[in-house]
Amino acid sequence: MELVNSAYARMPLWRRLNLWDWAYALLIVAAAGYAFKLYHLDMDGYEQAILAGSALGLIALGWFWKAWRWYFPLAGALALAAIPLYQHDLARGQQAFWLKYALSSQSAIMWMCTLFFLATGVYWVALLRRSDSLARMGGGLTWSAAVMGLAGLFVRWYESYLIAPDVGHIPVSNLYEVFVLFTLITALMYLYYEAKFAARQAGALVLLVISAAVIFILWYTFDRKAHEIQPLIPALQSWWMKIHVPANFVGYGAFSLAAMLGVGELMAQKGWLKDRLPSAEVLDEMMYKAISVGFLFFTIATILGAMWAADAWGGYWSWDPKETWALIVWLNYAAWLHIRLVKGWRGAPLAWWAVIGLAVTSFAFLGVNMFLSGLHSYGGL
């Protein structure tokens with residue numbers, strides 16, 4: 001079997017693609033082409049390039065990770081099912097049955113929150129009872145939450161244009177929207193590594209940080225009414241936001257995932273929940289993979305942010321608090337990777353480093369918005 005898998009891995013990419021891979025690619029191309037046909041007059045050259053790049057990226061992701069081939073189209077199908085129900089009237093979100101209870105952006109995101117909470121509980125019961133069937137159920141609930149969350153963001157994007165064409169924007173512009181994005185990215189990255197490393201037991205730990213984000217979403221929704229769509233402030237009315245923010249949150253999600261895997265590694269080394277958690281070696285490798293991916297995307301996001309700053313404010317770097325803490329986060333994980341790859345460190349020191357890194361990342365993500373002011377203060381609570 002190992003020889004067969006090794007030979008398959010050495011095959012050229014085009015020979016490894018099956019009918020479903022090509023059908024998925026055709027679906028993405030058709031969707032991108034239809035979007036271009038509808039909206040190309042309202043798109044500048046940069047936005048058209050983003051559309052083309054997004055299509056290629058989605059195809060590559062679907063070819064790389066087979067589960068994406070059904071996940072992304074399913075979320076898109078739910079969003080497309082919601083759109084006709086509005087009949088070009090945003091008020092129908094609280095009137096039409098399926099919108100009010102399932103498919104409006106707020107309903108879908110609330111379903112996401114509920115399913116993430118359920119997944120967390122099921123994963124913990126599975127861990128404590130050593131139940132593989134319950135662990136699979138936890139994975140199914142996590143997938144369901146991710147589907148509803150992505151569908152909710154798609155519908156929210158459409159809802160913003162129902163308010164007014166000049167209000168419409170991609171839903172990554174405030175803390176409410178990016179916290180939803182954060183939960184999705186963290187969950188999806190975990191689900192990928194769960195399958196790759198056969199480590200369902202780690203879900204009990206990873207879903208804790210996702211549930212913490214869900215608690216913030218619920219508080220922010222009901223206490224601050226943050227779910228209400230607001231027009232973009234001038235500083236965010238840029239195509240740069242469409243690529244900078246998602247890349248940034250791949251980094252945040254990966255670093256948060258790594259921290260929880262670090263907690264698991266420390267617990268496994270101490271013998272806590274013995275024979276229930278994956279081995280310390282497996283958790284260590286998952287943590288390394290997550291930080292590597294997160295560091296790559298955070299680097300891209302930092303470069304994009306500097307280019308956006310030059311376009312918006314006339315300079316690539318101004319030592320704004322958000323920029324300064326982004327640099328601190330980048331240096332932290334650059335040092336982590338250097339120590340592991342060059343010095344060969346493994347085990348508890350790097351696990352503790354990843355856990356402490358979550359505090360650094362959290363301050364850059366949220367603390368700067370709460371306690372410091374600067375050019376990025378529009379993201380405050």
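None of the values given here were measured: they were computed from a predicted structure.
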When you look at Ile229 and His169, which way does the side chain to side chain contact (heavy atoms under 4.5 Å, CB included) test go after all the steps? CA-CA 10 Å; Ile229 299 173; His169 60 271; 4.0 Å; yes
Do [Y] and [X] meet the salt-bridge criterion of a basic N to acidic O distance under 4.0 Å?
{"X": "Glu47", "Y": "Lys242", "result": "yes"}
{"X": "Arg92", "Y": "Glu159", "result": "no"}
{"X": "Arg340", "Y": "Asp284", "result": "yes"}
{"X": "Asp21", "Y": "Arg16", "result": "no"}

Compute the centroid of each ring, for [X] and then for [Y], and state whether the two points are separated by less than 6.0 Å.
{"X": "Phe154", "Y": "Tyr158", "answer": "no"}
{"X": "Trp325", "Y": "Phe363", "answer": "yes"}
{"X": "Phe255", "Y": "Tyr333", "answer": "yes"}
{"X": "Tyr24", "Y": "Phe72", "answer": "no"}
{"X": "Trp68", "Y": "Tyr71", "answer": "yes"}

Non-hydrogen atoms of [X] and [Y] that approach each other most closely:
{"X": "Leu208", "Y": "Met260", "result": "CB-CE, 4.2 Å"}
{"X": "Thr186", "Y": "Gly253", "result": "OG1-CA, 3.3 Å"}
{"X": "Trp317", "Y": "Thr324", "result": "CZ2-N, 4.3 Å"}
{"X": "Ala119", "Y": "Leu141", "result": "CB-CB, 3.7 Å"}
{"X": "Tyr123", "Y": "Ala135", "result": "CE2-O, 3.6 Å"}
{"X": "Ala151", "Y": "Ala79", "result": "O-CB, 4.1 Å"}

Under 3.5 Å: donor-acceptor pair, side chain of [X], backbone of [Y]:
{"X": "Glu177", "Y": "Ser173", "answer": "yes"}
{"X": "Trp70", "Y": "Ala67", "answer": "yes"}
{"X": "Arg156", "Y": "His227", "answer": "yes"}

Are [Y] and [X] co-members of a hydrophobic cluster defined by side-chain heavy atoms under 4.5 Å apart?
{"X": "Trp157", "Y": "Val147", "result": "yes"}
{"X": "Leu331", "Y": "Leu341", "result": "yes"}
{"X": "Val368", "Y": "Trp319", "result": "yes"}
{"X": "Phe36", "Y": "Val29", "result": "no"}
{"X": "Trp65", "Y": "Leu56", "result": "no"}

Applying side chain to side chain donor-acceptor pair (under 3.5 Å), run through Ser318 and Trp313 and close with a yes or a no. CA-CA 9 Å; Ser318 59; Trp313 301 318; over 6 Å; no
Going from [atom1] on [X] to [atom2] on [Y], what distance comes out if it is rounded to the nearest 0.5 angstrom?
{"X": "Leu90", "Y": "Ile163", "atom1": "CG", "atom2": "CD1", "result": "5.5 Å"}
{"X": "Lys196", "Y": "Glu285", "atom1": "NZ", "atom2": "CD", "result": "9.0 Å"}
{"X": "Met307", "Y": "His244", "atom1": "CE", "atom2": "NE2", "result": "12.0 Å"}
{"X": "Leu78", "Y": "Trp98", "atom1": "CG", "atom2": "CH2", "result": "10.5 Å"}
{"X": "His40", "Y": "Gln48", "atom1": "NE2", "atom2": "CD", "result": "7.5 Å"}
{"X": "Glu281", "Y": "Met286", "atom1": "CD", "atom2": "CE", "result": "13.5 Å"}

Between [X] and [Y], is any pair of side-chain heavy atoms under 4.5 Å apart?
{"X": "Ser131", "Y": "Val125", "value": "no"}
{"X": "Met110", "Y": "Thr221", "value": "yes"}
{"X": "Gln95", "Y": "Lys100", "value": "no"}
{"X": "Phe197", "Y": "Pro278", "value": "no"}
{"X": "Thr302", "Y": "Thr299", "value": "no"}
{"X": "Leu127", "Y": "Leu277", "value": "yes"}
{"X": "Phe117", "Y": "Val122", "value": "no"}
{"X": "Ile185", "Y": "Met189", "value": "yes"}

Is the number of heavy atoms from other residues, nucleotides or ligands within 6.0 Å of [atom1] ([X]) greater than 12?
{"X": "Tyr316", "atom1": "OH", "result": "no"}
{"X": "Arg129", "atom1": "CZ", "result": "no"}
{"X": "Phe297", "atom1": "CZ", "result": "no"}
{"X": "Trp272", "atom1": "CH2", "result": "no"}
{"X": "Trp111", "atom1": "CH2", "result": "no"}

Take Trp240 and Asp311 through the test side chain to side chain donor-acceptor pair (under 3.5 Å) and record every step on the way to the result. CA-CA 9 Å; Trp240 285 104; Asp311 186 38; 3.2 Å; yes
Determine whether Trp63 and Asn18 satisfy the following criterion, side chain to side chain contact (heavy atoms under 4.5 Å, CB included), listing intermediate values before the conclusion. CA-CA 9 Å; Trp63 285 355; Asn18 58 33; over 6 Å; no
Applying the side-chain contact (heavy atoms from CB on, under 4.5 Å) test to Trp336, which of Phe295, Trp345, Tyr288 qualifies?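 Only one option passes, and that is Tyr288.
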Going by side-chain contact (heavy atoms from CB on, under 4.5 Å), Leu257 matches just one of Tyr193, Tyr192, Tyr252. Which one?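 Testing Leu257 for a side-chain contact (heavy atoms from CB on, under 4.5 Å) against Tyr193, Tyr192, Tyr252 leaves exactly one candidate, Tyr193.
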Mind running side chain to side chain contact (heavy atoms under 4.5 Å, CB included) on Trp353 and Leu350 for me, showing each step along the way? CA-CA 5 Å; Trp353 194 335; Leu350 290 187; 3.7 Å; yes
Test side chain to side chain donor-acceptor pair (under 3.5 Å) on Ser107 and Ser104 and set out the steps. CA-CA 5 Å; Ser107 297; Ser104 70; 3.0 Å; yes
Starting from the C-alpha separation in whole Å, work towards a yes-or-no answer on ring pair (Phe, Tyr, Trp, His ring centres under 6.0 Å) for Phe249 and Phe179. CA-CA 9 Å; Phe249 278 86; Phe179 257 89; 7.9 Å; no
Working note: Val172 + Leu153, criterion side chain to side chain contact (heavy atoms under 4.5 Å, CB included); need CA distance, chi angles, decisive distance, verdict. CA-CA 9 Å; Val172 292; Leu153 286 181; 6.0 Å; no
